[in-house]
Amino acid sequence: MQYQNDLILRAARGEAVERTPVWLMRQAGRILPEYRAVREKLSGFIELCTTPALAAEVTIQPVDILGVDAAIIFSDILVIPEAMGLPYEMQESKGPFFPKVITSSADIDKLLATDAADHLKYVYDAIELSVKQLNGRVPLIGFAGAPFTILAYMIEGQGSKTFSKARRFLYTEPVLAHRLLEKITLATIEYLKRQVKAGAAMYQIFDSWAGVLPPDQYREFSLRYIKQICEAVPQVPRTVFSKGAFFVREDFTDFPCETVGLDWNMDIAESRKIIGPGKTLQGNMDPCALYLSEDQIRVKTKEMLDAFAGSRHIANLGHGLYPDTDKTKVKCFVDAVKELSVKA
Ligand code: CP3
């Protein structure tokens, strides 16, 4: 595939770039009135995800409106539990809810593994359509949740501040936990392979709840499965974003991925020192900084760019955009990265 703008792919591979590429987690979503207009006509979030023409439309919106250097396919990490046999609901202003959760060995036996990927044709169709409509303007990013974050939702049944049910399961039922993680891993490998086949030019693994685990458990129950996925799907650049997992940054030095996501709690210079020069780092402005004035946003953006000091970098926030962020402020951040990172 020939791209008009392939900055993000070059940055991911550590090749020369004229300026730092930029995209935002949750760039397709409620910050855009254009997204809300599409969403209002439907019964809900899940209908949007499962209707490829509409999913493609909202996938491309941020490229047109914000000028980001990549699209990310509009979907959710929770389509994997759904395809494995645990359907979810997306409750307005509350978030995801699973009517059934995993409580026993028999529950795990009933879940699909590799075959779950057969049930996600709507995602592959949305990717194909998005790539066709993008027509080479920018690359499309595929994604999946990390097995531990998916397990957390399958056990907990909804979001949680502590994920204490999921963590309790790791302590009290480690054998079952590994069986469940193994199944999620197999499903995710096949799912990402098919995303790449459909046209995803790179992918990101979101470990949103990494930060709730102690380091030894993080290595045992999360990192080894992410590694298994990255090793099984090496065809395109891979990004791992372990939110809150500052305590395992040294493990990424030799990890089978090109890019490591930083959240806004992680010091940039320290992260570079710990991870070393061999990885692209992605991030990491605090999404809350986008409530500042445009002048102040430019100052904060400059500080972030300076801290990366011209090393391998993909600009982003340290986590997803907050839904009440003003779209002009988001555009201000994107424009500031583009202007202030130009190589002399
Ligand atoms: O623009 C993009 O980033 C692409 C689309 C995308 C969504 N979810 C759409 C979405 C992506 C990459 C995700 C990933 C995702 N989903 C994660 C990992 C990233 C992260 O934020 O840590 C997680 C943990 C989920 C699970 C999830 N989905 C939650 C907890 C919620 C509710 C919170 C909220 O913001 O409402 C969702 C819903 C969701 N996923 C929305 C969107 C646009 C909002 C629902 C809506 O618009 O109706």
Side-chain angles (χ1 to χ4, degrees), residues 22-51 54-63 65-66 68 70-82 86 88-98 123 126-127 130 140-154 156-161 163 166 188 191-192 195 200 202-212 226 239-245 261-264 282-284 287 316-325 327 330 334:
V22 56
W23 70 283
L24 303 121
M25 291 184 270
R26 284 286 163 91
Q27 63 186 22
R30 287 166 297 188
I31 63 134
L32 297 178
E34 295 83 352
Y35 167 84
R36 295 198 299 267
V38 175
R39 174 80 166 68
E40 257 164 37
K41 289 184 266 174
L42 306 171
S43 63
F45 173 78
I46 293 177
E47 189 185 350
L48 181 48
C49 287
T50 53
T51 310
L54 296 176
E57 183 181 342
V58 299
T59 295
I60 296 169
Q61 280 177 349
V63 179
I65 300 164
L66 302 171
V68 286
I72 179 163
I73 188 63
F74 189 84
S75 182
D76 203 90
I77 61 168
L78 302 177
V79 303
I80 277 287
E82 156 115 82
L86 274 197
Y88 70 106
E89 297 162 6
M90 197 57 83
Q91 298 181 337
E92 212 61 54
S93 74
K94 276 206 202 138
F97 177 75
F98 289 83
V123 180
I127 292 176
S130 301
L140 179 87
I141 306 171
F143 72 90
F148 167 68
T149 285
I150 298 299
L151 169 143
Y153 282 105
M154 288 174 126
E156 205 84 27
Q158 56 194 8
S160 157
K161 282 208 173 77
F163 280 94
T188 304
Y191 178 48
L192 286 171
Q195 289 190 40
M202 56 196 296
Y203 65 82
Q204 175 157 324
I205 296 179
F206 287 93
D207 208 354
S208 303
W209 302 112
V212 302
I226 298 175
T239 301
V240 179
F241 177 49
S242 296
K243 169 88 175 65
L262 303 184
D263 65 53
W264 69 86
Q282 176 175 278
N284 72 338
N316 204 314
L317 302 175
H319 200 193
L321 276 163
Y322 298 133
D324 65 348
T325 310
K327 155 179 141 176
V330 182
V334 171

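All values reported here derive from a predicted model rather than from experimental measurement. Just so you know, ligand 1 is whichever comes first in the structure, and atom 1 is the first atom listed for that ligand.
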*Asks:* Check each atom of ligand 1 against the heavy atoms of Phe206 and keep those under 4.0 Å away; list them by number with element.
*Replies:* 12 (C), 18 (C), 19 (C)
*Asks:* Identify, by atom number and element, the atoms of ligand 1 in contact range of Ile72, meaning under 4.0 Å from any of its heavy atoms.
*Replies:* 1 (O), 2 (C), 3 (O), 4 (C), 12 (C)
*Asks:* What's the shortest distance from atom 23 (C) of ligand 1 to any protein heavy atom, and which residue and atom give it?
*Replies:*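 Sorting protein heavy atoms by distance from atom 23 (C) of ligand 1 puts Ile77 CD1, 3.4 Å first.
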*Asks:* Does some side-chain heavy atom of Leu32 sit less than 4.5 Å from a side-chain heavy atom of Val58?
*Replies:* no
*Asks:* Show the numbers, then the answer: is there a side chain to side chain donor-acceptor pair (under 3.5 Å) between Gln158 and Gln91?
*Replies:* CA-CA 10 Å; Gln158 56 194 8; Gln91 298 181 337; over 6 Å; no
*Asks:* Which ligand 1 atoms are under 4.0 Å away from a heavy-atom of Tyr35?
*Replies:*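 Near Tyr35, the atoms of ligand 1 are 43 (C), 46 (C), 47 (O), 48 (O).
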*Asks:* What residue and heavy atom of the protein are closest to atom 22 (O) of ligand 1, and at what distance?
*Replies:*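 Here the closest protein heavy atom is Ser208 OG, 2.4 Å.
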*Asks:* Heavy atom to atom 37 (C) of ligand 1, shortest distance: which of Gln27, Met90, Arg39 holds it?
*Replies:* Met90
*Asks:* Any idea which atoms of ligand 1 are less than 4.0 Å away from a heavy-atom of Tyr153?
*Replies:*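 By the 4.0 Å cutoff, the relevant atoms are 24 (C), 30 (C).
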*Asks:* To the nearest 0.5 angstrom, please state how far the CZ atom of Phe98 sits from the CD atom of Glu89.
*Replies:*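 Going from the CZ atom of Phe98 to the CD atom of Glu89 covers 10.0 Å.
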*Asks:* With only distance considered, is Glu92 within less than 3.5 Å of ligand 1 through an N or O on each side?
*Replies:* no
*Asks:* Give, for atom CD1 of Ile226 and atom OG1 of Thr188, the distance between the pair rounded to the nearest 0.5 Å.
*Replies:* 10.5 Å
*Asks:* Side chains of His319 and Asp263, heavy atoms from C-beta outward: is any pair under 4.5 Å?
*Replies:* no
*Asks:* Please report the closest heavy-atom contact between Gly261 and Thr239, naming both atoms and the distance.
*Replies:*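 Of all heavy-atom pairs spanning Gly261 and Thr239, the closest is N-CG2, 4.4 Å.
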*Asks:* Going by the angle between their ring planes, with limits at 30° and 60°, are Trp209 and Tyr153 parallel, tilted or perpendicular?
*Replies:* perpendicular
*Asks:* Answer yes when Arg39 and Glu92 have at least one side-chain N-carboxylate O distance shorter than 4.0 Å, and no when they do not.
*Replies:* yes
*Asks:* Can you tell me which residue and heavy atom of the protein come closest to atom 33 (C) of ligand 1, and the distance to 0.1 Å?
*Replies:*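 Ranked first by proximity to atom 33 (C) of ligand 1 is Arg26 NH1, 4.2 Å.
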*Asks:* Report the nearest protein non-hydrogen atom to atom 11 (C) of ligand 1: residue, atom name, distance rounded to 0.1 Å.
*Replies:*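 Of every protein heavy atom, Phe143 CZ, 3.6 Å lies nearest to atom 11 (C) of ligand 1.
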*Asks:* Numbering the atoms of ligand 1 from 1, which are under 4.0 Å from a heavy atom of Ala28?
*Replies:* 1 (O), 43 (C)
*Asks:* Would you say the side chain of Tyr88 lies within less than 4.5 Å of the side chain of Val79, judging by non-hydrogen atoms?
*Replies:*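 Yes, side chains in contact.
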*Asks:* How close does the nearest protein non-hydrogen atom get to atom 31 (C) of ligand 1, and which residue and atom is it?
*Replies:* Pro96 CD, 3.7 Å
*Asks:* Any idea which protein heavy atom is nearest atom 45 (C) of ligand 1, and the distance to it?
*Replies:*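 Answer for atom 45 (C) of ligand 1: Phe45 CD1, 3.7 Å.
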*Asks:* Below 30° counts as parallel, above 60° as perpendicular, anything between as tilted: where do the rings of Phe74 and Tyr35 land?
*Replies:*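 If you compare the ring of Phe74 with that of Tyr35, the planes turn out tilted.
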*Asks:* What part of Arg30, side chain, backbone, both or neither, has a heavy atom within less than 4.0 angstrom of ligand 1?
*Replies:*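 The side chain, only.
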*Asks:* To which protein heavy atom is atom 9 (C) of ligand 1 closest, and what is the distance rounded to 0.1 Å?
*Replies:*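 Sorting protein heavy atoms by distance from atom 9 (C) of ligand 1 puts Ser75 O, 3.3 Å first.
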*Asks:* Output the list of atoms in ligand 1 that are nearer than 4.0 Å to some heavy atom of Gly95, sorted by atom number.
*Replies:* 32 (C)
*Asks:* Which residue supplies the protein heavy atom nearest to atom 21 (O) of ligand 1, what is that atom called, and how far is it?
*Replies:* His319 NE2, 3.3 Å
*Asks:* Given Phe143, which of Tyr203, Phe206, Phe241 fulfils the ring pair (Phe, Tyr, Trp, His ring centres under 6.0 Å) condition?
*Replies:* Phe206
